[in-house]
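What follows is a single structure, written as structure tokens, with notes after it.
When a residue number appears, it is its place in the shown sequence, counting from 1.
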Amino acid sequence: MRPSERKKPEFVPDNFRFVSLDKGGDIDFSEVISGLKKTPKSVSPKFLYDARGSELFQLICTTDAYYPTRTERDIYQRRATAIAAEVGPDTIVIEFGPGDMSKVRLLLEVLRPQTYIGVDVSAAQLEDAGRALAADFLWLEVLAICGDFGPSAMLEKYLPSSGQRVAFFPGSTIGNFDPDAARQFLQGMREMLGSGGVVIVGVDLQKPAIVLDGAYNDPEGYTRAFNLNLLTRLNRELGSNFDERRFRHKAYYSERLGRVEMHLVSVIEQQVRIGEHTISFQPGETIHTESSWKYTQDGFTKLAIQAGFKVKRFLTDEQSWFGVFILLAN
Ligand code: SAH
Ligand code: AVI
């Protein structure tokens with residue numbers, strides 16, 4: 001049974017609250033249209049995460065090919081105490097894009113924050129994961145905020161006034177921003193945290209193309225399904241008439257740019273309707289659905305410094321495939 005088909009448990013713990021920002025997790029028609037009218041065509045990766053997209057992402061994380069999840073989890077499991085020592089007591093943890101919230105669970109017993117706030121566009125998964133977290137950690141105040149984590153100033157009114165703010169941004173989701181946008185996002189985080197605020201951020205590191213190409217082309221086909229599910233979502237929520245059989249999944253690492261690009265390739269010449277709009281595709285033309293930027297330790301350190309942080313600690317695995325940076329706001 002899929003998580004989205006699960007009957008909601010009756011029990012809502014007293015320490016759990018769910019709120020929705022402006023548009024919550026809804027897909028934005030005009031944002032999608034303007035991306036599809038650009039050359040080259042693109043759609044924001046945040047729209048990959050409807051309920052089915054989040055399930056498919058969880059399946060991707062179980063594959064041998066997609067190494068980032070197990071590598072990052074292993075760092076938290078081995079180094080939780082060292083991380084807690086850098087962060088200090090009496091904290092409010094704000095997690096950006098928590099997904100199933102399984103990573104923060106590895107840190108909660110050592111961090112012992114007063115409040116946990118998770119911000120994610122994937123409404124159903126966020127509510128289920130937040131409620132389960134509150135039920136398992138009854139000493140913790142859990143607030144799930146459904147919406148785009150981009151404009152972090154919007155979160156201010158939900159943040160308790162006392163306690164050291166700690167931003168947790170795992171999964172290398174920061175790699176889904178282009179570097180300029182990642183810098184701006186970190187600057188926004190810096191404003192929200194104030195001086196002395198801490199960020200724990202997971203960053204995927206550069207490595208041979210063969211490993212990266214494999215990670216985004218798993219033999220199980222979950223990444224392909226995750227990518228194509230975007231078209232199913234657009235059809236359902238925006239009433240478009242994409243035919244998923246007329247597009248194929250393509251993902252590859254560009255060593256020159258230091259990023260994995262994910263695309264949906266039109267296999268034929270075709271026209272697609274969305275509301276009043278008609279979008280034309282040439283054979284081989286693509287919709288760019290995601291970039292996953294891969295950093296070096298030095299490259300990400302420079303970006304963090306430009307955004308107003310210093311690197312307090314850098315943790316990695318034996319192969320130096322994934323980095324966890326602990327940043328301190330100047
Ligand atoms: N942190 C989890 C999940 C990573 S997948 C992990 O490491 O496994 C990326 C998550 O970020 C998804 O849950 C997705 O819904 C969320 N997300 C992506 N873009 C977002 C945005 N702009 N605003 C809010 N949530 C976003
Ligand atoms: C969430 N994000 C960092 C993942 C990534 O690796 O870019 C999403 C993903 N896309 C394809 N596979 C996984």
Heavy-atom neighbours of [X] [atom1] exceed 12 at 6.0 Å:
{"X": "Asp90", "atom1": "CG", "result": "yes"}
{"X": "Arg183", "atom1": "CZ", "result": "yes"}
{"X": "Arg17", "atom1": "CZ", "result": "no"}

Please check this pair: side chain of Asp120 against backbone of Gly99, looking for a donor-acceptor N/O pair closer than 3.5 Å. yes

List the steps and the verdict of side-chain hydrogen bond (donor to acceptor under 3.5 Å, both in side chains) for Ser195 and Asn330. CA-CA 5 Å; Ser195 178; Asn330 295 319; over 6 Å; no

The remaining residues in the hydrophobic cluster of Val265, counting side-chain heavy-atom contacts under 4.5 Å among Ile, Leu, Val, Met, Phe, Trp and Tyr, are none

Got a sec, which pairs hit ring-ring contact (aromatic ring centres under 6.0 Å, His included) with one end in residues 178-212, sequence neighbours left out? Phe96-Phe185, Phe149-Phe185, Phe169-Phe185, Phe177-Phe185

Is it true that [X] and [Y] make a salt bridge, defined as a side-chain N closer than 4.0 Å to a carboxylate O?
{"X": "Lys207", "Y": "Asp204", "result": "yes"}
{"X": "Arg259", "Y": "Glu261", "result": "yes"}
{"X": "Glu72", "Y": "Arg78", "result": "no"}

Using the six-membered ring of Phe281, assess whether NZ or CZ of Lys41 lies under 6.0 Å from its centre and within 45 degrees of the ring axis. yes

Name the residue from Phe325, Tyr76, Tyr116 that meets the ring-ring contact (aromatic ring centres under 6.0 Å, His included) definition with Phe168. Tyr76

With sequence neighbours excluded, what pairs up with Glu255 under the salt bridge (charged side-chain N to carboxylate O under 4.0 Å, His left out) test? none

Under the salt bridge (Lys or Arg N to Asp or Glu O under 4.0 Å) rule, what do Arg224 and Asp218 come out as? Steps first, then yes or no, please. CA-CA 8 Å; Arg224 173 183 174 277; Asp218 56 283; over 6 Å; no

